[in-house]
Amino acid sequence: AVAVASRSGRVAIVGGGPAGLAAAYRLTQLGFRPTLFDAEAALGGVLRTGIPTYRLPRDVLDREVLAIVARGVDLRLGQRLDREVMSRLPRDFDAVILATGLQSLRDVDGPRTELAGVEQGIHFLRRVNVEGDVRLSGRVVVLGGGNTAMDCARSALRVGAERVTVAYRRTRDEMPAIREEVDEAMAEGVAFEFLRAPIGYEGEGRVRAVALAEVDL
């Protein structure tokens with residue numbers, strides 16, 4: 001909740017993802033003109049950095065963001081706030097909303113994760129969605145069974161991978177990914193290995209193989 005003395009109060013929002021944008025929209029409805037801080041050069045958060053364009057076209061995202069900003073939102077983009085700046089915000093504003101997200105990365109299992117080519121899915125998606133000009137070749141293994149794994153697998157195909165295999169430690173029935181996403185991945189040619197868990201990576205300087213163990217539920 002936002003507690004301010006009047007609608008003329010100054011409100012800061014830290015984070016321009018879905019939560020920050022929703023807060024900005026609601027505040028403008030209430031008559032405030034919030035100031036929104038974000039480390040990226042463009043708003044959207046995980047909608048821009050983590051959701052592939054085939055699922056969320058960027059023109060749609062840009063249109064929605066522009067509609068919110070046009071209601072009266074001051075932007076401070078490209079600013080990653082450090083401890084010193086954060087400590088000043090309560091003095092400079094009447095209220096502060098922290099909407100930096102709750103995303104936490106799981107460690108990649110197994111030894112030799114330092115090999116080039118072993119990468120967190122969120123980092124890979126950011127490179128594809130934001131940095132662009134990402135090309136893959138050969139075979140790609142995606143570890144996991146959630147929506148991020150499906151996005152990585154389908155994105156890998158789109159940037160040149162010859163074969164993509166998803167390895168998941170449970171069965172399809174236990175996969176947390178949206179069922180339609182799994183169906184579409186299969187239709188696009190993604191292979192699935194169920195009841196498989198990674199136990200190590202092989203290669204000299206760069207990963208060349210993933211060792212998978214057969215497991216039970």
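Along the sequence shown, residues carry numbers from 1. Remember, it's a predicted structure, so these values are computed and weren't measured experimentally.
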Heavy-atom side-chain proximity of [X] to [Y] below 4.5 angstrom:
{"X": "Arg154", "Y": "Val164", "answer": "no"}
{"X": "Arg126", "Y": "Glu40", "answer": "yes"}
{"X": "Val141", "Y": "Arg139", "answer": "no"}
{"X": "Thr49", "Y": "Asn129", "answer": "no"}

Roughly how far, to the nearest 0.5 Å, is [atom2] of [Y] from [atom1] of [X]?
{"X": "Ile97", "Y": "Thr35", "atom1": "CD1", "atom2": "OG1", "value": "11.5 Å"}
{"X": "Arg196", "Y": "Arg169", "atom1": "CZ", "atom2": "CZ", "value": "15.0 Å"}
{"X": "Tyr201", "Y": "Leu143", "atom1": "OH", "atom2": "CG", "value": "5.0 Å"}

**Q.** Positive for side chain to side chain contact (heavy atoms under 4.5 Å, CB included) with Phe37, one of Leu77, Leu75, Leu89, Val85
**A.**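 It is Leu89, the one option of Leu77, Leu75, Leu89, Val85 that forms the side chain to side chain contact (heavy atoms under 4.5 Å, CB included) with Phe37.
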
Q) So which heavy atom on Pro34 is nearest to which on Thr28, and how close? A)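 Minimum heavy-atom separation between Pro34 and Thr28: CD-CG2, 4.0 Å.
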
Q. Looking only at heavy atoms, what is the nearest atom pair of Ala185 and Phe192, with distance?
A.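 Residues Ala185 and Phe192, closest heavy atoms: CB-CZ, 4.1 Å.
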
Q. For Glu174 and Thr171, does a side-chain donor sit closer than 3.5 Å to a side-chain acceptor?
A.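 Looking only at side-chain atoms, Thr171 and Glu174 do form a donor-acceptor pair, the distance falling under 3.5 Å.
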
Q. Between Tyr54 and Arg158, is there a cation-pi geometry (under 6.0 Å to ring centre, at most 45° from the normal)?
A.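 Geometry flag: set, cation within 6.0 Å and 45°.
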
(Q) For Leu195 and Asp216: C-alpha separation, side-chain torsions, deciding distance, then whether side-chain contact (heavy atoms from CB on, under 4.5 Å) applies. (A) CA-CA 6 Å; Leu195 296 173; Asp216 295 322; 5.7 Å; no

